[in-house]
Amino acid sequence: MQVDRRALLAGGLALTAATTARAQPAPTPLPDGASDRGYAIDLLRRMAEPVLGRMARGRLRAEWSPELSPTWDGRNPGVAYLEAFGRLIDGIAPWLALPDDGSAEGRLRGRLRTQALESYTHSVDPRSPDYLLWRGHGQALVDSAYFTSALLRAPDTLWKPLDTRTKSRIVEEIKGLRRISPPYQNWLLFAAMNEVFLFSIGEDWDPMRVDLTVKKMLEWYVGDGWYGDGERFHFDYYNSYVMHPMLVQILATLAAGKPQFNNLKPAEELTRAIKREQRYAEHLERMIAPDGSYAAIGRSLTYRTAVHQPLGHLAWKERLPDTLPAGQVRAATMAAQRRVFSDSSNFNADGFLTIGFARHQPGLGDIYSNAGSMYIASESLIALGLPANHDFWTAPPLPWTMRRAFAGEDFRKDYYVDY
């Protein structure tokens, strides 16, 4: 009797594959929305309390000396305080704007909101120990944009309650930053953000800074949801940290206010910018691995989960595309939060963020990195601006793309876009 060795081999391989597939362990159940929100709220609290609790009393500088990168470029380390406050407040502003209630979360929000307003007052009062470094290094332009972005994200909560003197001082400091000529890269968006803030409150503003920025961003678009950082494309996450969220907010402010200053059509450009942000968000979601880890690429990696700001931004504005269901985005991004912040050394003994990626790793810092810079990670918490009963927080968790792919499940194919 002849034995067909090839048939036996093929059959054996098929049997082995089938046995392996059956032997795969069941995936770990995903946390529900209530658990995810509870984790996110606690992370927000850990970030916010050490900064706002001290700054509200004018004690931040006195009680915190921010860690500096080993390759620090020698600039005045006082820039760290504006970085910490500006970046933190922008990320938590949507959550601070939620209405009060009697829950533990609501009580925390009420306390932090009061501290945030007191901190804004200290930030521009020259007599305060926590007066920020507005008039020194050009870095102030960068973080002033997060400072004003927060006021645009939550005007009724953070701008309107301020006293007249504080408002006047904020306007003076923001206008004073026009002395800084931004390099032709993502910094243009910082100047434009400040100008649309001034426009939104009825102050004199510079349309040319805004017009130039929008037109340069259109020129720098490289396709498939990605912008170049200037004339060259950089494979990093500055599309997340700056470009998509700030461009959309600038255009949204113009579209709402309808200024007549040139041939720019903000409403049309806003629609296109949102579509591009949605496409970029699809890439971000696909780069989250089954265990919540994600690609460690480019500079400023120590900004940690701020890389997922566009996903949270789209969720908060209820603009997630149909390809990204709420339960899937929440499950993926919260898996990333848990993966990154699982190591206790992400915070120091006093509760402040440290320089690092998935733990304290000062060697990953860039020449401009300090512990204040790290508070941009709060931008990953924007979806907390949706109330606890919103679909984003109540939808059943869904496995994200790479979790499906590496579990052998069907998942959506991916194609480039031409807008």
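Both backbone and side-chain heavy atoms feed into the values below; hydrogens, waters and symmetry mates do not.
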Hey, could you give me the [atom1]/[atom2] distance between [X] and [Y], rounded to the nearest 0.5 Å?
| X | Y | atom1 | atom2 | answer |
| --- | --- | --- | --- | --- |
| Met193 | Ile250 | CE | CD1 | 4.5 Å |
| Arg286 | Leu324 | CZ | CG | 9.0 Å |
| Ser119 | Arg57 | OG | CZ | 10.0 Å |
| Thr333 | Leu284 | OG1 | CG | 10.5 Å |
| Leu98 | Thr157 | CG | OG1 | 8.5 Å |
| Asp211 | Lys216 | CG | NZ | 11.5 Å |

| request: Give the C-alpha distance, both sets of side-chain angles, the deciding distance and a yes or no for salt bridge (charged side-chain N to carboxylate O under 4.0 Å, His left out) between Glu282 and Arg412. | output: CA-CA 11 Å; Glu282 290 179 336; Arg412 188 178 62 84; 3.7 Å; yes
Side-chain H-bond candidate by donor/acceptor type, [X] with [Y], under 3.5 Å:
| X | Y | value |
| --- | --- | --- |
| Asn194 | Arg209 | no |
| Ser123 | Tyr81 | no |
| Glu83 | Ser373 | yes |

| Going through the checks in order, is the salt bridge (charged side-chain N to carboxylate O under 4.0 Å, His left out) test met by Arg59 and Asp130? | CA-CA 7 Å; Arg59 297 291 300 168; Asp130 280 342; over 6 Å; no
Which pair of non-hydrogen atoms, one from [X] and one from [Y], has the smallest distance, and what is that distance?
| X | Y | answer |
| --- | --- | --- |
| Ala306 | Ser380 | N-CB, 4.2 Å |
| Asp224 | Tyr415 | OD1-O, 4.4 Å |
| Arg330 | Ala395 | NH1-O, 2.8 Å |
| Gly136 | Arg179 | O-NH2, 3.2 Å |
| Leu117 | Pro161 | CD1-CB, 4.0 Å |
| Pro182 | Leu188 | CG-CD2, 3.8 Å |

Check this for me: does any side-chain nitrogen of one of [X] and [Y] sit under 4.0 Å from a carboxylate oxygen of the other?
| X | Y | result |
| --- | --- | --- |
| Arg37 | Asp42 | no |
| Glu285 | Arg403 | no |
| Glu172 | Arg169 | no |
| Glu49 | Arg111 | yes |
| Glu277 | Arg319 | no |
| Arg109 | Glu105 | yes |
| Asp366 | Arg299 | no |
| Asp291 | Arg338 | no |

Cation-pi between [X] and [Y]: NZ/CZ under 6.0 Å from ring centre and within 45° of the ring axis?
| X | Y | result |
| --- | --- | --- |
| Arg75 | Tyr368 | no |
| Arg54 | Trp64 | no |
| Arg276 | Tyr221 | yes |

Side chain [X], main chain [Y], donor-acceptor under 3.5 Å:
| X | Y | answer |
| --- | --- | --- |
| Ser128 | Val124 | no |
| Arg339 | Ser293 | no |
| Glu231 | Trp220 | no |
| Gln361 | Ala358 | yes |
| His244 | Gly225 | yes |
| Thr148 | Ser144 | yes |
| Thr253 | Gln249 | yes |
| Asp90 | Ala150 | yes |
| Ser369 | Ser69 | no |
| Ser378 | Arg87 | yes |

| Whether Tyr241 and Tyr237 hold their rings parallel, tilted or perpendicular, with breakpoints at 30° and 60° |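 Ring orientation of Tyr241 relative to Tyr237: perpendicular.
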Take a 6.0 Å sphere around [atom1] of [X] and say whether it holds more than 12 heavy atoms from other residues, nucleotides or ligands.
| X | atom1 | value |
| --- | --- | --- |
| Lys215 | NZ | yes |
| Asn76 | CG | yes |
| Arg165 | CZ | no |

Do [X] and [Y] come close enough that some side-chain heavy atom pair is under 4.5 Å?
| X | Y | answer |
| --- | --- | --- |
| Trp95 | Trp316 | no |
| Phe341 | Arg46 | no |
| Phe411 | Trp400 | no |
| Pro77 | Asn370 | no |
| Asn239 | Asn186 | no |
| Phe85 | Asp143 | no |
| Glu379 | Tyr303 | no |
| Thr213 | Val210 | no |

Please confirm whether the ring centroid of [X] lies under 6.0 Å from the ring centroid of [Y].
| X | Y | result |
| --- | --- | --- |
| Phe347 | His360 | no |
| Trp205 | Phe261 | yes |
| Tyr375 | Phe352 | no |

| Asp414 and Arg279: CA distance, side-chain angles, deciding distance, salt bridge (charged side-chain N to carboxylate O under 4.0 Å, His left out) verdict | CA-CA 11 Å; Asp414 188 57; Arg279 174 56 182 157; 2.8 Å; yes
| query | Yes or no on salt bridge (charged side-chain N to carboxylate O under 4.0 Å, His left out) for Asp206 and Arg178, after CA distance, side-chain angles and deciding distance? | reply | CA-CA 9 Å; Asp206 184 352; Arg178 290 171 178 163; 5.4 Å; no
| field | Sole candidate of Phe147, Tyr131, Trp159 that passes ring-ring contact (aromatic ring centres under 6.0 Å, His included) when paired with Tyr120 | value |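 Checked Phe147, Tyr131, Trp159 against Tyr120; only one passes ring-ring contact (aromatic ring centres under 6.0 Å, His included): Phe147.
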| request: Could you give me the CA-CA distance, side-chain angles and deciding distance for Thr305 and Tyr294, then say whether side-chain hydrogen bond (donor to acceptor under 3.5 Å, both in side chains) is met? | output: CA-CA 10 Å; Thr305 49; Tyr294 54 92; 5.6 Å; no
